[in-house]
There are 2 protein chains.
Amino acid sequence: MKLETRKEEIINTATKLFKEKGYSAVTMRDIAKAMGIKAASLYNHINSKQHILTDIIISLAEEFTNGMKTVLLTDVSNIEKLKLIVTLHVHITANNTYGMASLNNDWMHLEEQLDYYLELRDTYENNFRGILQEGIDNNEIINSNLEIMLFSMLSTLRSLYLWIPKKEDLNTTELSDNLSHILINGINK
Amino acid sequence: MKLETRKEEIINTATKLFKEKGYSAVTMRDIAKAMGIKAASLYNHINSKQHILTDIIISLAEEFTNGMKTVLLTDVSNIEKLKLIVTLHVHITANNTYGMASLNNDWMHLEEQLDYYLELRDTYENNFRGILQEGIDNNEIINSNLEIMLFSMLSTLRSLYLWIPKKEDLNTTELSDNLSHILINGINK
DNA sequence: AATTTTAACTAACAAGTGTTAGTTTATTGT
DNA sequence: ACAATAAACTAACACTTGTTAGTTAAAATT
């Protein structure tokens, strides 16, 4: 039972508020009020509002990068790799639904770390694309428009943060399995 | 060839900026600067920043509501209705990619019209859900988790605004057809 | 018991916010 | 040519923003 440092409490509080209203609409006074302290007190623990956002986004982006690295090293079919990616998204999102909102909607407000973030995102998408392309080449995946397939899957996975909190009754493995099936086999009977 | 009123120019300029940085991060001075005038001059044409956002979002939401109404009245299979919905999203999004960003990310900053927007969105989702449910009942659609199917399709359709601007080479009917196929039949060979 | 550290506080700052009031200038319709 | 309108302007407002400086009180360490 590890208890939160004060800095982590601030980041968690901010993350929740950022999800509800977006980074720009949340003030330091909002964050402080939610914690029952004054805005100036936050600066005993964090450097700036900007650093809070960076912390939220970069740590999540790195989780995805690491997850992708593992998937690429796993020796299974490309379809199985896609299932692993679905599981990766479900797990990371289930553990930090609030943070995923910032990752998706507020990355453009990063400053010094914006280029680094974009690099991680680009690499991630390219790896995803590569798996799909190999799947097509190996006759595992239909030879339809690669970019549309990529876009469709990524859109669904990136929107999980909006949806997981509303359906707490579904456990994560059940969700991963169901979602994999729908993304891979469609909904047609 | 109908030419834009000054008010429309302002709304269009604002819509573009809102997509790049989000509603809260865009100032009236930003909008004015992009038009080469002073912020105060905007108020000769619009009532408030808030009204710009409302205008963007509500008109789009009503377009979707009207489109759905037409789909529901069309006498085709439920799978065909889903294809019509895909086409609806592709067309509306292609005509207003910038506005779709506000619809997706800034609806929570609506004020007087927030409840109305939520009502439109709820009704839309329920109609979508109803088509899927009928499809399941008629053995057109697999009897998998309804909510996951709904979420997956809607997520993809709602993210179109991020993707359409990058792929201008693809025409809208081709995109609709491809996307329908992937959403309905999956990517599996 | 004395000292350092932690973490809150009050007060203030400079800059930026949406918006209003009043004015000026160019264009349009008579 | 004259009046009316459209659409820009300057100046200012009241308020909010992120952040800093300096202070205080309790808790932990010596």
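Order of the sequence lines fixes the chain letters, A, B, ..., with proteins taken first and strands second; residue numbering starts at 1 for each chain.
- If you measure from atom CE of B:M35 to atom P of D:dA6, you get 17 Å, rounded to the nearest angstrom.
- Looking at A:R129 and A:E147, a side-chain N of the basic residue comes within less than 4.0 Å of a carboxylate O on the acidic one, giving a salt bridge.
- Side chains of B:F128 and B:L157 form a contact here, defined as non-hydrogen atoms less than 4.5 Å apart.
- Here D:dA8 is the nucleotide among D:dA8, D:dG18, C:dG18 with the atom lying nearest to any side-chain atom of B:I37.
- Spacing between atom CZ of B:R29 and atom P of C:dA15 amounts to 14 Å, rounded to whole angstrom units.
- Counting to the nearest Å, the P atom of C:dT17 and the CD1 atom of B:I31 are 11 Å from each other.
- Look at OH on B:Y43: it is 5 Å from C1' on C:dT19, rounded to the nearest Å.
- At a cut-off of 3.5 angstrom, the base of D:dA8 holds at least one donor-acceptor pair with the side chain of B:N44.
- Atom pair B:K49:NZ and D:dT16:P shows a separation of 15 Å (rounding to whole Å applied).
- Comparing atom distances between the A:S41 side chain and each of D:dA7, D:dG18, C:dA8 picks out C:dA8 as nearest.
- Counting only heavy atoms from C-beta outward, the side chains of A:Q133 and A:L146 approach each other to under 4.5 Å.
- Candidate nucleotides C:dT10, C:dT19, D:dT19 were compared by shortest atom distance to the side chain of A:A39, and D:dT19 ranks first.
- Straight-line distance from the CD atom of A:E9 to the P atom of C:dA8: 8 Å, rounded to whole Å.
- Along DNA chain D, the nucleotide nearest to B:H45 and the one nearest to A:S48 differ in position, and the one closer to the 5' end is contacted by B:H45.
- Contact between the side-chain N/O atoms of A:K38 and the OP1/OP2 oxygens of C:dC9 is not found at any separation under 4.0 Å.
- An OP1 or OP2 oxygen of C:dA8 is reached within less than 4.0 angstrom by a side-chain nitrogen or oxygen of A:R6.
- The nearest whole Å value for the distance from the CG atom in A:L53 to the C1' atom in D:dT17 is 17 Å.
- Distance NZ (A:K33) to C1' (D:dT16): 13 Å, rounded to an integer number of Å.
- Although no hydrogens or angles enter the test, the distance criterion places a donor-acceptor pair under 3.5 Å between the side chain of A:Q50 and the main chain of A:E111.
- A:F18 and A:Y23 have perpendicular rings, their planes meeting at more than 60° on a 0 to 90° scale where under 30° would count as parallel.
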